[in-house]
Amino acid sequence: MQKLEQIYEGKAKRVYNTNDPDYCIVSYKDDATAFNGLKRGTIVGKGVINNRMSNSMMLLLEEKGVPTHFVEELNERETLVRRVSIIPLEVIVRNIAAGSFSRRYGVAEGVVFNEPTVEFSYKNDALGDPLLNDDHALALGLATREEMELIRTYALRIDGIMQGFWDECGITLVDFKLEFGRLPDGTIILADEISPDTCRLWDTATGQKLDKDRFRRDLGSVEEAYAEIMRRLLEHEEQ
Ligand code: UDP
């Protein structure tokens, strides 16, 4: 597959056309942003780690029957993916209270839920990604009720699979964000990335945060945290 012109540049990735209209190439950058672009920085090596973690997670999910956009890792920063039309929803799954959930509902960070919660935001930077329910998504024409149900089912299945994986690495999966897209025939598949940028990952033994919160909250040792996630991932894959 040939890499052609850049079609999109986001906060953490660039997307390129290929000579086949059904496929794109995603290239992961070291750039980091937080608070809707207000805070900017660089996390050296992040692109390589996010590419690798995302691909490992997507491969694992595919094996367990969740359809994803992943096709093939091309090099340490670039991956061939199926072209989708992204559904402008941020699908967030939480196992433990943190971040906006803790702020919004006044629940201490670290409170473990009896069962996972799924929530949706309207992916729209200008509006600050407002929370939305199924009815709102329907009213906005983002998805049908059946599609919302399918997305919820996939999100919970992904949570179970990833919790199992990270548990074996001594990492607690606190919460994460997913994005789904549609193939030309309307099939919904998992797209975007799954990485320490989009997941909260805590060291189970020490409680140490090993994700983008170190950047968001100026906790220091940001690169080290991403490297530690990479180390655990590679260690697991060697087993
Ligand atoms: N998240 C993300 N992109 C966003 C918002 C959230 O990847 O634009 C991820 C975030 O890394 C965390 C989870 O979704 O793992 C839940 O984030 P939360 O709603 O608590 O938001 P935050 O505290 O980051 O504002």
Side-chain angles (χ1 to χ4, degrees), residues 8-13 26 28-41 43 46-47 49-51 53-54 57-58 68-69 86-113 116-133 136 142 151-152 154-156 158-163 165-166 169 171-181 190-204 207-219 222 225-226 228-229 233:
Y8 171 79
E9 175 153 16
K11 294 166 193 151
K13 298 187 282 295
V26 176
Y28 286 81
K29 306 190 284 185
D30 285 351
D31 299 353
T33 65
F35 313 119
N36 204 3
L38 249 85
K39 182 180 168 82
R40 288 167 190 275
I43 301 173
K46 172 171 84 76
I49 293 166
N50 287 9
N51 186 41
M53 173 170 158
S54 202
M57 292 299 105
M58 299 253 181
T68 80
H69 73 165
I86 289 284
I87 301 170
L89 284 176
E90 296 201 338
V91 181
I92 292 173
V93 183
R94 302 177 189 273
N95 299 306
I96 296 178
S100 69
F101 186 95
S102 291
R103 286 195 299 276
R104 183 176 304 119
Y105 303 114
V107 177
E109 193 162 88
V111 171
V112 180
F113 302 142
T117 75
V118 181
E119 74 190 39
F120 301 98
S121 297
Y122 181 26
K123 194 172 141 67
N124 184 318
D125 281 342
L127 298 175
D129 299 338
L131 259 187
L132 107 185
N133 65 23
H136 299 152
L142 305 183
I151 289 172
R152 183 188 303 277
Y154 281 150
L156 289 170
I158 292 166
D159 184 45
I161 296 165
M162 293 212 298
Q163 270 198 53
F165 177 92
W166 287 106
C169 301
I171 299 284
T172 302
L173 179 64
V174 175
D175 59 28
F176 56 92
K177 187 254 319 180
L178 302 170
E179 292 182 27
F180 292 84
L190 180 67
D192 193 50
E193 69 177 282
I194 302 176
S195 71
D197 276 11
T198 65
C199 301
R200 285 196 170 93
L201 301 161
W202 294 353
D203 186 317
T204 308
Q208 199 188 16
K209 297 184 198 309
L210 298 173
D211 55 60
K212 196 172 153 189
D213 270 349
R214 300 207 75 83
F215 169 78
R216 292 189 190 100
R217 304 181 189 184
D218 294 320
L219 300 176
V222 184
Y226 278 73
E228 181 60 19
I229 289 300
L233 185 71

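Both counts, for ligands and for their atoms, begin at 1 and track the order of listing.
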remark   = Residues at least two apart in sequence or cross-chain that pass side chain to side chain donor-acceptor pair (under 3.5 Å) with Lys177, listed by chain then number, are Glu179, Asp192
query = Do Asn50 and Tyr226 have side-chain atoms, one donor and one acceptor, less than 3.5 Å apart?
reply = no
request  = Identify, with sequence neighbours excluded, every residue that meets ring-ring contact (aromatic ring centres under 6.0 Å, His included) alongside Phe113.
outcome  = Phe101
key: Which residues share a side chain to side chain donor-acceptor pair (under 3.5 Å) with Arg104, sequence neighbours left out   = none
key: Distance-only donor-acceptor check, side chains Ser100 and Arg94, under 3.5 Å   = yes
key: Side-chain donor-acceptor contact under 3.5 Å, Asp159 with Asn95   = yes
ask   = Using a 4.0 angstrom limit on heavy atoms, which residues are close to ligand 1?
value = Glu90, Ile92, Arg94, Ala98, Gly99, Ser100, Arg103, Asp175, Phe176, Lys177, Asp197, Thr198, Cys199, Arg200, Arg216
